[in-house]
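What follows is a set of notes on a single structure, which appears directly below.
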Amino acid sequence: MFKCGIAYPRCKWILPLLLLCAIIFDIIALAGKGWVETESGREYASLWERCLVNNNACTSLMDYAWGKATAALMIIGIIILILCFILSFVGLCVPRLSLLRVIGALLFLAVALQVCALVIYPVRFTSDVATNLESYLYSWTYGFGWGSTIIMFGCGIFFCCLPNFEDELLGNVKTKYFYTSS
């Protein structure tokens, strides 16, 4: 006999794993060298600096107020994300389901901060730093920043909804099967 259903007590551990993935994506975004690249490959920029490949000259983006703001928002976002990761273990190990909504709210705060940072960077980079001689492409490390933000948004929704399924999470009800064959 085959049965297909959701066992909530086992599935609840997916959320901390997703938060860990978001932390890894944020670390890649913060440390990566390729937020922006030119099509020819002669120039690239990270969150921290802009470099010319031909003469290995790099200039800091921290000289601009928007560069400092973008970095600060991303760093505050990852700090909140790490706090949520730690709190998720407390909230899911000890049956404190009221803590889950707090984690969801903190994740939404981190999402708002990172969305601001990920919007400020391309707008201000294009207007202040980019030359009109070449086309600029936003690269993979910038994409990791967006990936982390999307994961955090999804986890925030789930953390806010989990207290509605208290009995299922604590294993007080039987597993509901979607499909059974005899």
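- Expressed to the nearest 0.5 Å, how far CZ of Arg101 lies from SG of Cys161 amounts to 8.0 Å.
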Would Thr59 and Val129 count as a side-chain contact (heavy atoms from CB on, under 4.5 Å) here? Give the steps. CA-CA 10 Å; Thr59 57; Val129 178; over 6 Å; no
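- A heavy-atom distance below 4.5 Å is found between the side chains of Leu81 and Leu107.
- Around CZ of Phe108, the count of heavy atoms belonging to other residues, nucleotides or ligands within 6.0 Å exceeds 12.
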For the pair Asp26 and Phe144, evaluate side-chain contact (heavy atoms from CB on, under 4.5 Å) and give the outcome as yes or no after the intermediate values. CA-CA 7 Å; Asp26 256 352; Phe144 271 104; over 6 Å; no
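- You'll find the side chain of Ser88 reaches within 4.5 Å of the side chain of Phe159, heavy atoms only.
- Nearest heavy atoms, Tyr44 versus Lys33: CD1-O, 3.1 Å.
- Here the closest heavy-atom approach between residue Arg42 and residue Asn54 is recorded as CD-ND2, 3.9 Å.
- Ile86 and Val102 fall within the same hydrophobic cluster, where Ile, Leu, Val, Met, Phe, Trp and Tyr residues are linked whenever their side-chain heavy atoms come under 4.5 Å apart, directly or through other members.
- Residue Thr70 holds its OG1 atom at 7.5 Å from CE of Met62, rounded to the nearest 0.5 Å.
- Annotation: side chain of Leu19 is not in contact with side chain of Leu15 (no heavy-atom distance under 4.5 Å).
- Using a 3.5 Å distance cut-off with no hydrogens or angles, the side chains of Tyr138 and Thr126 do pair a donor with an acceptor.
- Closest of all the heavy-atom pairs between Ile151 and Ala22 is CG2-CB, 3.9 Å.
- Across every non-hydrogen atom of Asp63 and Ser60, the tightest pair is OD2-O, 3.6 Å.
- Taking each heavy atom of Gly104 and Cys160 in turn, the nearest pair found is CA-SG, 3.9 Å.
- By the criterion of side-chain heavy atoms lying less than 4.5 angstrom apart, applied directly or through intervening Ile, Leu, Val, Met, Phe, Trp or Tyr residues, Ile23 is grouped together with Val90 in one hydrophobic cluster.
- Val119 and Ile76 fall within the same hydrophobic cluster, where Ile, Leu, Val, Met, Phe, Trp and Tyr residues are linked whenever their side-chain heavy atoms come under 4.5 Å apart, directly or through other members.
- Applying the side-chain contact (heavy atoms from CB on, under 4.5 Å) test between Leu113 and each of Ile75, Ile80, Leu118, Ile78 identifies Ile80 as the sole match.
- Once rounded to the nearest 0.5 Å, the distance linking CG of Leu106 with CZ of Phe85 reads 15.5 Å.
- The SG atoms of Cys155 and Cys84 lie 2.5 Å or more from each other.
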Determine, step by step, whether Phe25 and Ile150 satisfy the side-chain contact (heavy atoms from CB on, under 4.5 Å) criterion, reporting the C-alpha distance in whole Å, the side-chain angles of both residues, the deciding distance to 0.1 Å, and the verdict. CA-CA 11 Å; Phe25 284 9; Ile150 292 167; over 6 Å; no
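- A donor-acceptor contact shorter than 3.5 Å is absent between the side chain of Thr141 and the backbone of Gly32.
- Between the CG atom in Leu30 and the CH2 atom in Trp35 there is a gap of 7.0 Å [rounded to 0.5 Å].
- Rounded to the nearest 0.5 angstrom, Glu37 CD and Leu137 CG are separated by 7.5 Å.
- Under a hydrophobic clustering in which Ile, Leu, Val, Met, Phe, Trp and Tyr are joined whenever their side-chain heavy atoms come within less than 4.5 Å, directly or via other members, Leu17 and Ile14 fall into different clusters.
- Leu100 places none of its side-chain heavy atoms less than 4.5 Å from the side chain of Phe158.
- Here the side chain of Thr149 pairs no donor or acceptor atom with the backbone of Val111 at under 3.5 angstrom.
- Residues Gln114 and Met74 approach most closely at NE2-O, 3.8 Å, considering heavy atoms.
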Where do Ile79 and Leu83 land on the side-chain contact (heavy atoms from CB on, under 4.5 Å) test, with the steps shown first? CA-CA 6 Å; Ile79 290 170; Leu83 176 69; 5.7 Å; no
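- Between Tyr121 and Phe125, the angle of the ring planes stays under 30°, which puts this pair in the parallel group of the 30/60° scheme.
- Atom-to-atom distance recorded for Glu134:CD and Glu39:CD is 8.0 Å, nearest 0.5 angstrom.
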